[in-house]
Colleague: 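Below is the structure I would like to discuss, written out as structure tokens.
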Amino acid sequence: MNKYFKSIGLVVGGIAVLYIVLKLILFILELIFRGVIAVFTSGVIYLVILSIIIYIFRNPIIRFFKSINGEQRYIRKPKPYVVYVPPSKDDQSSNFKNNITQSKSIGEEKLAQRTDKKVSGEDFKRDRENSGAQLDFINYVKLLSFQETTYILDTNYKDLSNKYQNEAGFGENGAIEFVASLLLMKYDPSTRYDIKKGIEMVFTNSWGAIDFSDHLDMVVHKSKVPYSMWSEVYRYLKNLTYIQSHPCAKNATKISEKYMEVSEQILTIRYTSNGLLDYTDISQKINIICLHMINQGDYDLAKKGLEPLFFQMIEFFRECYKNRLFSNNQYWFSYFEVLSDLLMNLAVCEVNLGHDGACVNHASLSVKISNNPNGKMDKAGELILYALTHKGNAMLIHPKDLLKEQIPHLFSEKAKLLYDTVILN
């Protein structure tokens with residue numbers, strides 16, 4: 001019995017000694033690392049948090065210190081550049097102008113597209129069937145959660161694709177109007193028939209993006225939604241990046257009839273009786289594209305119309321320059337001026353489409369080959385300035401001051417610059 005109690009005593013005593021030793025070790029470790037932990041919690045962690053804050057607000061901080069140093073930051077929003085050439089009485093030019101259907105003013109959000117499908121009350125997590133009587137369209141759209149909006153888009157697009165066996169594309173801008181049309185059907189049921197009809201034309205490859213957009217303009221004007229509010233909804237939905245990444249935002253399935261008409265006319269370029277490219281005809285077409293597309297906010301369509309003109313002008317110049325048929329005469333002076341106008345208008349399209357590099361290249365080359373560079377300097381400076389600074393960057397020297405130093409003085413130098421820049425590169 002005593003032996004039994006002795007064994008128990010040894011076990012309890014061993015455990016007690018082990019406990020005391022472990023506590024001592026933990027106490028020593030705590031003393032050692034307490035200071036280290038304190039340093040990290042009070043120093044390193046705060047330093048990390050401060051670094052994150054500085055990174056998030058880096059652009060305002062940089063601008064603040066640059067403003068202290070007296071640096072000037074230039075940012076201006078470019079406006080459409082229209083070169084007006086009084087229309088001639090030539091039958092072909094008149095027919096060209098008449099064949100272009102004048103775009104309706106949608107401003108910068110024009111390129112719109114389509115979509116369809118029944119948007120039933122079951123599509124919403126909460127019923128808004130009667131909300132149209134109390135809310136205007138923009139507030140109605142804003143009340144929808146992100147999940148509701150994406151659910152409407154996903155389910156309708158999937159049903160339409162299955163129904164017509166076609167995953168129709170509207171382009172990035174058209175996809176926004178596609179979503180807006182789905183919401184409009186829900187908000188104003190009187191538009192349902194017309195919108196579904198337009199969507200059907202798109203999914204059956206009968207219409208292109210611009211055709212659907214024009215049809216939707218008519219629907220909106222007949223609806224109870226003011227067109228200004230429709231545009232406001234477009235701008236609001238444009239902030240939902242989910243739409244731009246959706247399959248409906250891929251390139252349009254069919255080229256619009258309007259673009260096909262423009263292309264057919266633009267690709268028919270006239271020549272003079274002595275075999276020279278008729279730059280007056282091209283100048284007229286540039287003017288029409290500016291008035292009916294750039295001024296209407298159809299930058300993508302305008303670019304598609306201007307580029308064939310540019311390529312044909314450059315190809316004609318290349319052949320003449322390579323075969324030594326190029327000379328310093330009035331024809332080529334006027335030819336270069338029309339080409340300069342074309343480049344400037346392309347720069348306007350590119351900057352509004354978000355292609356900053358192309359804008360800078362077109363605008364600077366436009367000034368350098370012009371016979372009247374001072375007349376284009378301000379416009380080119382605005383475009384280049386906006387392209388370089390609209391993302392928060394700053395410039396010490398205005399682009400037009402740099403352009404002045406780069407302009408060739410002799411016409412032969414301008415021709416060589418054009419050849420080297422556009423053709424050899």
Colleague: Check for me whether the distance between the ring centres of Tyr335 and Phe317 falls short of 6.0 Å.
Modeller: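 Centroid separation for Tyr335 and Phe317: 6.0 Å or greater.
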Colleague: Regarding Tyr227 and Asp217, do their side chains bring together a donor and an acceptor under 3.5 Å, going by distance alone?
Modeller: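 Looking only at side-chain atoms, Asp217 and Tyr227 do form a donor-acceptor pair, the distance falling under 3.5 Å.
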Colleague: Measuring from Cys320:SG to Leu276:CG, what's the distance to the nearest 0.5 Å?
Modeller: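 Reported to 0.5 Å precision, the distance equals 7.0 Å.
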Colleague: Using 0.5 Å steps for rounding, measure from the CZ atom of Arg270 to the CD1 atom of Ile282.
Modeller: 10.0 Å
Colleague: Run the side-chain contact (heavy atoms from CB on, under 4.5 Å) test on Phe203 and Gln165 for me, step by step, so that the C-alpha distance in whole Å, both residues' side-chain angles and the decisive distance to 0.1 Å come before the verdict.
Modeller: CA-CA 8 Å; Phe203 274 83; Gln165 293 298 300; over 6 Å; no
Colleague: How long is the gap from OG1 on Thr191 to NZ on Lys197, to the nearest 0.5 Å?
Modeller: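 Between atom OG1 of Thr191 and atom NZ of Lys197 there are 14.0 Å.
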Colleague: Going by the rule side-chain hydrogen bond (donor to acceptor under 3.5 Å, both in side chains), which residues pair with Ser327 if we only count those two or more places apart in sequence or in a different chain?
Modeller: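 With sequence neighbours excluded, Ser327 shows a side-chain hydrogen bond (donor to acceptor under 3.5 Å, both in side chains) to Asn329, given in chain and number order.
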Colleague: Below 4.5 Å, heavy atoms only, C-beta onward: do Ile138 and Trp230 meet side chain to side chain?
Modeller: no
Colleague: I'd like to check Asp356 versus Leu388 (side-chain heavy atoms, cut-off strictly below 4.5 Å). Are they in contact?
Modeller: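 In short, these two side chains do not touch, never coming nearer than 4.5 Å.
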Colleague: State the CG-CG distance between Leu277 and Leu339, to the nearest 0.5 angstrom.
Modeller: 10.5 Å
Colleague: Would you indicate whether the side-chain heavy atoms of Val233 and Lys142 approach each other to under 4.5 Å?
Modeller: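 With C-beta onward as the side chain, the pair stays apart.
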Colleague: When rounded to the nearest 0.5 angstrom, what distance separates CD1 in Ile289 from CG in Leu306?
Modeller: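 The CD1 atom of Ile289 sits 4.5 Å away from the CG atom of Leu306.
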Colleague: Should Asp300 and Lys304 be marked as a side-chain contact (heavy atoms from CB on, under 4.5 Å) after you check the CA-CA gap, both sets of side-chain angles, and the distance that decides it?
Modeller: CA-CA 6 Å; Asp300 185 63; Lys304 291 175 181 176; 3.1 Å; yes
Colleague: Ion pair present between Asp154 and Lys158, side-chain N to carboxylate O less than 4.0 angstrom?
Modeller: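 Salt bridge: no.
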Colleague: With no hydrogens and no angle check, do the side chains of Ser334 and Gln330 hold a donor and an acceptor under 3.5 Å apart?
Modeller: yes
Colleague: One pair to check against side-chain contact (heavy atoms from CB on, under 4.5 Å): Met201 and His215. What are the steps and the verdict?
Modeller: CA-CA 10 Å; Met201 296 295 285; His215 172 75; over 6 Å; no
Colleague: Given the rule in the salt bridge (charged side-chain N to carboxylate O under 4.0 Å, His left out) test, do Lys224 and Asp188 qualify, once you have shown the distances and angles that lead to the verdict?
Modeller: CA-CA 7 Å; Lys224 62 181 182 181; Asp188 184 357; 5.0 Å; no
Colleague: Is it true that Lys416 and Asp420 make a salt bridge, defined as a side-chain N closer than 4.0 Å to a carboxylate O?
Modeller: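 Judged by the 4.0 Å cut-off on N to carboxylate O distance, Lys416 and Asp420 do form a salt bridge.
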Colleague: For the CZ atom on Phe333, are there more than 12 heavy atoms of other groups (residues, nucleotides or ligands in this structure) within a distance under 6.0 Å?
Modeller: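 Check passes, neighbour count above 12.
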Colleague: Taking atom types as modelled and ignoring hydrogens, do the side chains of Asn139 and Asp136 form a donor-acceptor contact shorter than 3.5 angstrom?
Modeller: yes
Colleague: May I ask you to test the Lys238-Tyr234 pair for a side-chain heavy-atom distance under 4.5 Å?
Modeller: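 A side-chain contact under 4.5 Å exists here.
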Colleague: Test salt bridge (charged side-chain N to carboxylate O under 4.0 Å, His left out) on Asp281 and Lys285 and set out the steps.
Modeller: CA-CA 6 Å; Asp281 177 54; Lys285 292 175 181 179; 3.2 Å; yes
Colleague: Carefully, step by step, assess Phe326 and Ser412 under the rule side-chain contact (heavy atoms from CB on, under 4.5 Å).
Modeller: CA-CA 9 Å; Phe326 176 83; Ser412 58; 5.8 Å; no
Colleague: Taking C-beta and beyond as the side chain, do Asn166 and Thr204 meet within less than 4.5 Å on heavy atoms?
Modeller: no
Colleague: Compute both the distance and the angle, then confirm whether Lys322 meets the cation-pi test with Tyr419: under 6.0 Å from the six-membered ring centre, within 45 degrees of the axis.
Modeller: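 Output no; distance or angle outside limits.
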Colleague: Do the charged groups of Glu232 and Arg235 touch, with an N to O distance under 4.0 Å?
Modeller: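 No, Glu232 and Arg235 are not salt-bridged.
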Colleague: Taking all non-hydrogen atoms of both residues, which atom of Val179 and which atom of Ile243 are closest, and how far apart?
Modeller: CG2-CD1, 3.9 Å
Colleague: Could you report the tightest heavy-atom contact between Ile294 and Ala302, atom names first, then the distance?
Modeller: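 That closest heavy-atom pairing would be CG1-CB, 3.6 Å.
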Colleague: Does the side chain of Ser370 pick up a donor-acceptor pair with the side chain of Glu337 at under 3.5 Å?
Modeller: yes
Colleague: With rounding to the nearest 0.5 angstrom, report the NE2 to CG distance, His355 to Asn352.
Modeller: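 That separation rounds to 11.0 Å.
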Colleague: Taking all non-hydrogen atoms of both residues, which atom of Ile152 and which atom of Asn156 are closest, and how far apart?
Modeller: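 Minimum heavy-atom separation between Ile152 and Asn156: O-ND2, 2.6 Å.
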